[in-house]
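One-based numbering along the sequence shown. Since the structure is predicted, the reported quantities are computational estimates derived from the model, not experimental observations.
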Amino acid sequence: MSCSKCQCEMRIIKAENVIRNGKLFVDHHVKCINPQCADYDKVQIISNEQPVTISN
């Protein structure tokens, strides 16, 4: 993923599984690695819903 301000790559600093409204999401906490960027060191969260299969 690229930073929206400077187009540099963003670094994942944390990933966690979260259940919201009965659905599973993976939240990636990312930040820009460019020291000259206005968003440098600001944590952003990107949330992606994950498919879940329940079987017996």
Side-chain angles (χ1 to χ4, degrees):
M1 159 150 240
S2 297
C3 176
S4 59
K5 291 196 177 181
C6 73
Q7 305 309 312
C8 239
E9 285 297 309
M10 298 188 77
R11 178 173 292 144
I12 296 173
I13 57 170
K14 179 180 175 183
E16 60 185 349
N17 295 321
V18 179
I19 296 176
R20 287 189 204 101
N21 299 323
K23 296 181 180 181
L24 176 65
F25 292 84
V26 175
D27 285 353
H28 289 99
H29 299 244
V30 297
K31 64 182 178 178
C32 182
I33 61 171
N34 179 2
Q36 285 79 39
C37 181
D39 280 349
Y40 177 68
D41 243 7
K42 290 183 184 175
V43 176
Q44 299 176 29
I45 299 174
I46 300 168
S47 186
N48 295 303
E49 185 178 351
Q50 300 298 302
V52 175
T53 303
I54 301 173
S55 62
N56 293 328

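Under the 4.5 Å side-chain heavy-atom criterion for grouping Ile, Leu, Val, Met, Phe, Trp and Tyr, Ile19 is connected to Val52 within one hydrophobic cluster.
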Donor-acceptor pairs under 3.5 angstrom involving side-chain atoms of residues 2-10: please list them, not counting sequence neighbours.
unit_1	atom_1	unit_2	atom_2	d
Gln7	NE2	Cys3	O	3.4
Gln7	NE2	Ser4	O	3.3

Only distances under 3.5 Å count here; give the side-chain donor-acceptor pairs of residues 37-49 to other protein atoms, sequence neighbours excluded, each with its distance to 0.1 Å.
unit_1	atom_1	unit_2	atom_2	d
Asp41	OD1	Lys31	NZ	2.9
Ser47	OG	Arg20	NH1	3.0
Ser47	OG	Asp27	OD1	2.8

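Applying the side-chain contact (heavy atoms from CB on, under 4.5 Å) test to Lys14 and every residue at least two apart in sequence or in another chain returns Glu16, His29.
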